[in-house]
There are 2 protein chains.
Amino acid sequence: MAVRNVGIRDVAEMAGVSVTTVSHVLNDTPQMRVAADTRARVREAAKTLGYGPNRMAQALRTNRSGLIGLLSEEIATTPHAGRIILGAQNAAREHDLTLVIVNTERESGDSHRDDVQALIDRQVEAVLYATMYHRQVSLPPNLQGLPAVLIDSTDKAGIVPAVVPDEVGGAIAAVTHLVEAGHRRIGFLNNDDDVPATHERLVGYKEVLRLYDIPIDEQLIVQAPSETLPGYEIARELLARHDRPTALFCYNDRMAMGAYRAANELGLDIPHDLSIVGFDNQELIAANLFPGLTTVALPHYEMGAWAVDTLVHLLHGEDEYKLLADTPTRLDCPLVIRGSVGTPRDN
Amino acid sequence: MAVRNVGIRDVAEMAGVSVTTVSHVLNDTPQMRVAADTRARVREAAKTLGYGPNRMAQALRTNRSGLIGLLSEEIATTPHAGRIILGAQNAAREHDLTLVIVNTERESGDSHRDDVQALIDRQVEAVLYATMYHRQVSLPPNLQGLPAVLIDSTDKAGIVPAVVPDEVGGAIAAVTHLVEAGHRRIGFLNNDDDVPATHERLVGYKEVLRLYDIPIDEQLIVQAPSETLPGYEIARELLARHDRPTALFCYNDRMAMGAYRAANELGLDIPHDLSIVGFDNQELIAANLFPGLTTVALPHYEMGAWAVDTLVHLLHGEDEYKLLADTPTRLDCPLVIRGSVGTPRDN
DNA sequence: CTGTTAGCGCCTTCAG
DNA sequence: CTGAAGGCGCTAACAG
């Protein structure tokens with residue numbers, strides 16, 4: 001069963017037709033209309049013989065390898081990459097394409113060039129480029145000429161379609177959730193890197209407050225590196241204030257984890273005395289904290305799938321898809337509700 | 001640069017030789033000895049033209065696709081899969097092989113069959129099968145005939161080479177670390193599933209105690225599902241005893257996370273009042289707890305690489321490698337030291 | 001509607 | 001030591 005020794009010729013012979021006809025039937029070539037019974041005979045012969053086309057021969061002949069490359073950062077460190085891969089994988093299978101994945105270093109001079117070259121050498125028809133956090137990148141020069149789509153990043157030159165998370169929307173969902181639970185003093189533990197997420201989540205935060213006529217207190221907006229320890233430190237400061245916030249919106253789940261520790265040390269019960277919302281939905285953290293962390297999920301799976309779908313359109317020469325390069329597509333960041341948000345005690 | 005339009009013929013022409021010679025030079029065919037200067041001319045021509053062989057044509061001709069399939073569980077949920085992928089990827093590149101990755105459901109009747117078939121349809125030469133926790137599996141029937149290697153699991157039938165973590169060794173490293181820090185009352189928060197890791201880590205635990213003439217107190221060995229919450233619960237019970245252990249060896253990092261919470265609630269300082277060692281080295285947890293969790297790393301990267309290397313040998317028909325199927329190869333689980341182990345306070 | 005035929009780019013006997 | 005020629009399995013003109 002494993003060794004594919006049956007060829008199109010065998011099918012032709014068994015069905016009593018020529019290989020051409022078999023080819024036409026099996027690929028149902030548009031203009032070539034084949035008699036219904038012939039077609040049935042061919043189909044049956046193929047099935048009983050367990051025929052499957054030899055992709056290599058097909059590829060050679062049609063000059064389409066059926067391979068698309070996925071260049072991804074940090075495959076080994078975050079489950080985010082896994083989600084992108086899975087989304088891309090499933091979409092690829094849908095289109096009968098095969099995904100070839102290559103890990104790439106985040107910042108390393110020409111190594112991207114080499115990784116792209118490895119993919120080109122393997123005859124990929126197109127490439128996906130995935131970063132692990134939302135940012136701008138410049139593409140390796142040898143990618144010129146191959147259709148490409150960016151995942152979780154945008155192209156400096158603006159010539160390649162890109163898909164990114166809707167950071168503003170995610171922040172809006174998070175803060176709205178807090179406001180609707182009754183909170184009015186909401187702290188924001190923001191990242192301090194100059195990346196889109198930092199700015200856009202802040203925009204979302206402010207937008208919600210504005211919408212609900214809650215004055216923006218700049219004192220409640222603090223920044224630090226987006227890690228657990230700095231998150232802990234700034235959370236502690238914020239919560240030590242006499243007019244401490246009743247809720248915290250955290251740039252990511254790691255900072256939220258730090259906030260949990262701060263709350264704990266200060267004897268504040270979550271969600272009773274303090275509500276917390278994170279960002280990223282890192283299951284390993286969010287689901288294992290006490291109580292479970294309500295957080296915003298990043299659409300990694302969806303971005304992977306979107307990217308492949310777009311690539312397919314590009315491959316089909318539907319040029320209108322190139323226009324997508326102008327403005328990145330933004331995908332929804334849904335709120336994942338666990339147990340870290342409650343009604344403010346005193347209000 | 002991206003479109004590969006230069007063929008072997010162009011190289012031949014430029015070098016003033018026949019395609020045969022070019023082929024011989026570029027593949028340095030064993031018996032075909034080519035004059036040194038001819039060879040140089042060919043090499044140079046190939047380089048200046050930017051020639052690279054068309055893998056599809058090569059594959060068709062040699063009947064070797066250069067593709068190997070990696071069937072992996074839970075690509076999207078744990079970084080473990082990412083590590084395996086990376087290890088396999090790098091090894092594959094070393095051997096000029098291309099990895100095709102397919103996600104597969106853990107338990108789902110015939111879906112494995114279909115996933116394997118998808119790989120076969122893509123003409124993979126061999127397949128790797130990776131599970132996300134160490135256990136026994138039975139292979140899909142259509143895998144028969146293809147070389148295969150198991151990662152993190154063993155074959156019920158015992159006909160396929162397999163590589164697994166050295167659980168006993170990992171446990172020994174962990175508990176030894178604790179004993180050498182001065183601990184003699186060491187609790188073991190074990191998993192309660194009937195999987196190899198449960199039994200083997202216990203073996204390692206007991207072995208170390210025996211080695212150091214520390215009596216085994218069965219009361220200190222407790223079991224629960226290997227999640228944070230159950231870990232918390234049994235840790236709490238254990239730590240509430242008047243003769244509580246001074247150290248805890250936890251089946252995995254999630255249980256250790258639960259133990260941290262228990263310690264915290266009981267006012268026990270880590271590592272001052274209580275030392276903890278985990279297992280898995282889930283960075284997201286281990287590196288983000290306070291203090292950082294000392295834990296045992298699983299050799300996922302190494303298993304991925306080992307599997308590909310073994311596959312290559314199998315592919316080369318080195319039958320002695322088939323013998324590997326008899327006993328799974330065990331790879332080292334190194335201890336990763338962070339900050340959760342200290343000297344016992346009272347002793 | 002169906003069949004014949006010519007390659008896709010490469011490797012590989014077999015002759016020189 | 002080098003070259004000519006056949007064919008891997010399939011698709012796509014082009015004929016019938």
Side-chain angles (χ1 to χ4, degrees), chain A residues 3-43 45-46 49-67 96 98 120-125, chain B residues 3-43 45-46 49-67 96 98 120-125:
Chain A
V3 183
R4 163 103 352 96
N5 40 8
V6 25
I8 196 176
R9 259 196 299 272
D10 304 284
V11 179
E13 195 169 341
M14 180 167 185
V17 296
S18 77
V19 293
T20 310
T21 307
V22 176
S23 178
H24 285 158
V25 172
L26 264 27
N27 304 323
D28 39 36
T29 314
Q31 275 126 351
M32 293 301 169
R33 292 178 45 71
V34 179
D37 60 331
T38 314
R39 186 194 314 253
R41 267 207 329 286
V42 171
R43 285 246 156 75
L49 289 176
Y51 170 79
N54 180 325
R55 316 283 280 233
M56 301 304 146
Q58 240 173 340
L60 180 58
R61 183 61 236 244
T62 61
N63 200 25
R64 306 199 335 91
S65 66
L67 261 31
D96 207 28
T98 302
I120 291 177
D121 288 344
R122 278 166 176 67
Q123 257 88 52
V124 298
E125 295 179 36
Chain B
V3 183
R4 164 89 8 87
N5 41 7
V6 25
I8 195 174
R9 258 196 300 273
D10 304 286
V11 179
E13 195 169 339
M14 180 167 184
V17 296
S18 77
V19 293
T20 312
T21 307
V22 175
S23 179
H24 286 157
V25 172
L26 264 27
N27 304 320
D28 38 35
T29 313
Q31 275 126 355
M32 294 300 172
R33 291 180 44 72
V34 179
D37 61 331
T38 313
R39 186 193 317 252
R41 266 207 330 284
V42 171
R43 285 247 156 76
L49 289 177
Y51 170 79
N54 180 324
R55 316 284 280 233
M56 300 305 146
Q58 236 175 319
L60 180 58
R61 182 63 237 253
T62 60
N63 200 26
R64 307 199 332 92
S65 65
L67 261 30
D96 207 25
T98 302
I120 291 177
D121 289 345
R122 278 167 175 68
Q123 257 88 51
V124 299
E125 295 179 37

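Only this structure's heavy atoms are used, side chains among them; waters, hydrogens and symmetry mates stay out.
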Q: Rounded to whole angstrom units, what separation is found between the CD atom of A/Q58 and the C1' atom of C/dG9?
A: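 From A/Q58 CD to C/dG9 C1': 17 Å.
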
Q: On the side chain of B/T20, is there an atom forming a donor-acceptor pair with the base of D/dA4 - under 3.5 Å, no angle test?
A: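 Counting by modelled atom types and ignoring angles, a donor-acceptor contact under 3.5 Å is found here.
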
Q: Measure the distance from CG on A/D121 to P on C/dC10 and round it to the nearest whole Å.
A: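 A/D121 atom CG is separated from C/dC10 atom P by 13 Å.
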
Q: Can you check the A/R39 CZ to C/dC1 P distance for me, whole Å?
A: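 Taking CZ of A/R39 and P of C/dC1, I get 9 Å after rounding.
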
Q: Hey, which of these two, A/L60 or A/T38, hits DNA chain C nearer its 5' end, going by closest nucleotide?
A: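 Counting from the 5' end, the first nearest nucleotide belongs to A/T38.
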
Q: Please report, rounded to the nearest Å, how far the C1' atom of D/dA12 is from the CZ atom of A/R64.
A: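 My rounded result for the distance is 15 Å.
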
Q: What's the CG-C1' distance between B/N54 and D/dC8, to the nearest Å?
A: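 Result: 13 Å.
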
Q: So how far is it from A/Q123 CD to B/M56 CE, rounded to the nearest 0.5 Å?
A: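 Rounded to the nearest 0.5 Å, the CD-CE separation comes out at 5.0 Å.
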
Q: Rounded to the Å, how far apart are A/L26 CG and D/dC10 P?
A: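 From A/L26 CG to D/dC10 P: 10 Å.
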
Q: Do B/D10 and B/M14 touch side chain to side chain, with heavy atoms closer than 4.5 Å?
A: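 Of all side-chain heavy-atom pairs linking B/M14 with B/D10, none is under 4.5 Å.
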
Q: Could you check B/M56 against A/S18 and say which one's nearest nucleotide on DNA chain C is further toward the 5' end?
A: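 Result of the comparison: A/S18.
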
Q: For the atom pair OG1 (A/T21) and CZ (A/R41), what is the distance rounded to the nearest 0.5 Å?
A: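 Going from OG1 on A/T21 over to CZ on A/R41, the span is 9.5 Å.
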
Q: Whole-Å distance between D/dA13 P and A/H24 NE2?
A: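 Rounded to whole Å, this separation is 9 Å.
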
Q: Out of C/dG9, C/dG7, C/dT12, which has the shortest distance to the side chain of B/A57?
A: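 Nearest nucleotide to the side chain: C/dG9.
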
Q: Give the rounded distance in Å between these two atoms: CZ of A/R55 and C1' of D/dG9.
A: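 After rounding, the reported distance stands at 14 Å.
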
